[in-house]
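Notes follow once the structure below has been shown.
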Amino acid sequence: MRVTFLGTAAAEGVPAVFCNCPTCQNAKVKGGKDVRTRSQILIDDDTLFDFPMDTYMHMLRYKLDLSKVARVFITHSHMDHCYPQEFCMRGGPFAKNMSESKVSVYGNATVCKMFQSDVAREIRPAVQEGIELKVLRPYDEVTSGDMRVIALPASHTVGEECLTYYLERNGKGVLLLNDTGVLGREVYDRLAKMHVNVRLVALDCTYGAIRHGAGRHMGLYDIVDQKSVMAQAGVVTDDTVVIATHLSHNTDLDYAGISKLAAEHCITVAYDGMTVEI
């Protein structure tokens, strides 16, 4: 299974759209791994994790055929993770010779309701017919094609049942914990009972080298703590690849700086375009 980090930033991007802080100014000058678009992960060629407003840029940059995507798993309704308007173009006359005639979009009830309202004014009936919305709740388990998926509760927005996901193909699994604060041991205990095989786990690192504790996001040292909790629950092993993603410009660290600190804890810092094979 191929895991590609198309975008690795928090909501503002790096450099942030209106910001002139040192981190953003540095990113504008250095470019490369210090520039981050909004978070999105592609599994092989057919599965997307989140759908931000930067999806079009990702298609251009990485020469993607997004018509191959058969399923999209959305974590929550914030626009850097859910930008439904782009789906209005998924069909004639805007798209021709698509690889997949239909796509399934999974998310919580808020996501599905927002999706319908945001596309209502412009989507054509023929395009709508090719999009299937599916509501998920925490611990729902679904089979989509040859992929097994478990929805998990995120700790993020009050008033919305935000999700994160475990995705498994050919017996190998990835646990994607973007845009969430720390999760309790009970979440990992329950996941372990569902007989998962986590080869890679990607975690929110919005706060960089700052420990955030109980909140809507994590920092590097929260990830270190979560590694320990997951290991105690039997969800990860010493061989599990641990990746930090969803980073913000507010950490005051560039890619090299946060990577140096993360390496001390056997954690890899993601960058836009990074691909991992498991």
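Since the model is a prediction, treat every value here as computed from it, not as a measurement. Here, residue 1 is the first one in the sequence, and each next residue gets the next number.
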Does the plane of the ring in [X] sit parallel, tilted or perpendicular to the ring in [Y]? Use 30° and 60° as the thresholds.
{"X": "Tyr221", "Y": "His265", "answer": "perpendicular"}
{"X": "Phe49", "Y": "Tyr165", "answer": "perpendicular"}
{"X": "His76", "Y": "His78", "answer": "perpendicular"}

Minimum side-chain heavy-atom gap [X]-[Y] below 4.5 Å:
{"X": "Thr4", "Y": "Ile41", "value": "no"}
{"X": "Leu175", "Y": "Leu152", "value": "yes"}
{"X": "Met274", "Y": "Thr268", "value": "yes"}
{"X": "Pro153", "Y": "Val187", "value": "yes"}
{"X": "Asp225", "Y": "Met218", "value": "no"}

Exercise for the section: Check the hydrophobic clustering (I, L, V, M, F, W, Y; side-chain heavy atoms under 4.5 Å; chains of links allowed) and say if Met114 and Val127 are grouped together. Expected result: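 No.
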Exercise for the section: Answer yes if Val182 and Tyr207 sit in the same cluster of Ile, Leu, Val, Met, Phe, Trp and Tyr residues linked by side chain heavy atoms under 4.5 Å apart, and no otherwise. Expected result: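 In one cluster with Val182: Tyr207, no.
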Below 4.0 angstrom, N of the basic side chain to O of the carboxylate: do [X] and [Y] qualify?
{"X": "Asp254", "Y": "Lys260", "result": "no"}
{"X": "Lys33", "Y": "Asp272", "result": "no"}
{"X": "Lys102", "Y": "Glu132", "result": "no"}

Heavy-atom pair with the smallest gap, counting every atom of [X] and [Y]:
{"X": "Thr206", "Y": "Thr251", "result": "O-CG2, 3.3 Å"}
{"X": "Ala270", "Y": "Ile243", "result": "CB-CG2, 3.7 Å"}
{"X": "Cys112", "Y": "Val135", "result": "SG-CG2, 3.7 Å"}
{"X": "Val103", "Y": "Val69", "result": "CG2-O, 3.6 Å"}
{"X": "Ala10", "Y": "Arg38", "result": "O-CG, 3.9 Å"}
{"X": "Leu6", "Y": "Tyr62", "result": "O-OH, 3.5 Å"}

Problem - Arg137 atom CZ: more than 12 heavy-atom contacts under 6.0 Å - result: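 Counting neighbours around CZ of Arg137, 12 or fewer heavy atoms of other residues, nucleotides or ligands fall under 6.0 Å, so no.
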Verify the distance criterion only: is there a donor paired with an acceptor across the side chains of [X] and [Y] at less than 3.5 Å?
{"X": "Thr110", "Y": "Glu161", "answer": "no"}
{"X": "Arg36", "Y": "Thr8", "answer": "yes"}
{"X": "Tyr188", "Y": "Gln232", "answer": "no"}
{"X": "Asp179", "Y": "Thr75", "answer": "no"}
{"X": "Arg71", "Y": "Ser144", "answer": "yes"}
{"X": "Glu160", "Y": "Asn108", "answer": "yes"}

Handout entry: Contacts of Asp118 that satisfy salt bridge (Lys or Arg N to Asp or Glu O under 4.0 Å) - sequence neighbours left out
Key =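 Here no residue qualifies.
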Taking atom [atom1] of [X] and atom [atom2] of [Y], what is their separation to the nearest 0.5 Å?
{"X": "Lys134", "Y": "Leu136", "atom1": "NZ", "atom2": "CG", "result": "9.0 Å"}
{"X": "His156", "Y": "Leu177", "atom1": "NE2", "atom2": "CG", "result": "13.0 Å"}
{"X": "Ile278", "Y": "Asp239", "atom1": "CD1", "atom2": "CG", "result": "12.5 Å"}

Problem - Sole residue of Thr47, Val142, Asp140 in side-chain contact (heavy atoms from CB on, under 4.5 Å) with Val149 - result: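 With Val149 as partner, Thr47, Val142, Asp140 yield a single side-chain contact (heavy atoms from CB on, under 4.5 Å), made by Val142.
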Handout entry: Tyr139 six-ring face occupied by Arg190 cation (under 6.0 Å, within 45°)
Key =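 Positive - Arg190 is close enough to the ring of Tyr139 and near enough to its axis.
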Exercise for the section: Would you confirm whether the ring centroid of His246 sits within less than 6.0 angstrom of the ring centroid of His81? Expected result: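 Yes, the ring centres sit under 6.0 Å apart.
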Return a table of donor-acceptor pairs under 3.5 angstrom between the side chains of residues 83-92 and protein atoms on other chains or two or more places apart.
unit_1: Arg90; atom_1: NH1; unit_2: Ser101; atom_2: O; d: 3.3
unit_1: Arg90; atom_1: NH2; unit_2: Glu100; atom_2: O; d: 2.9

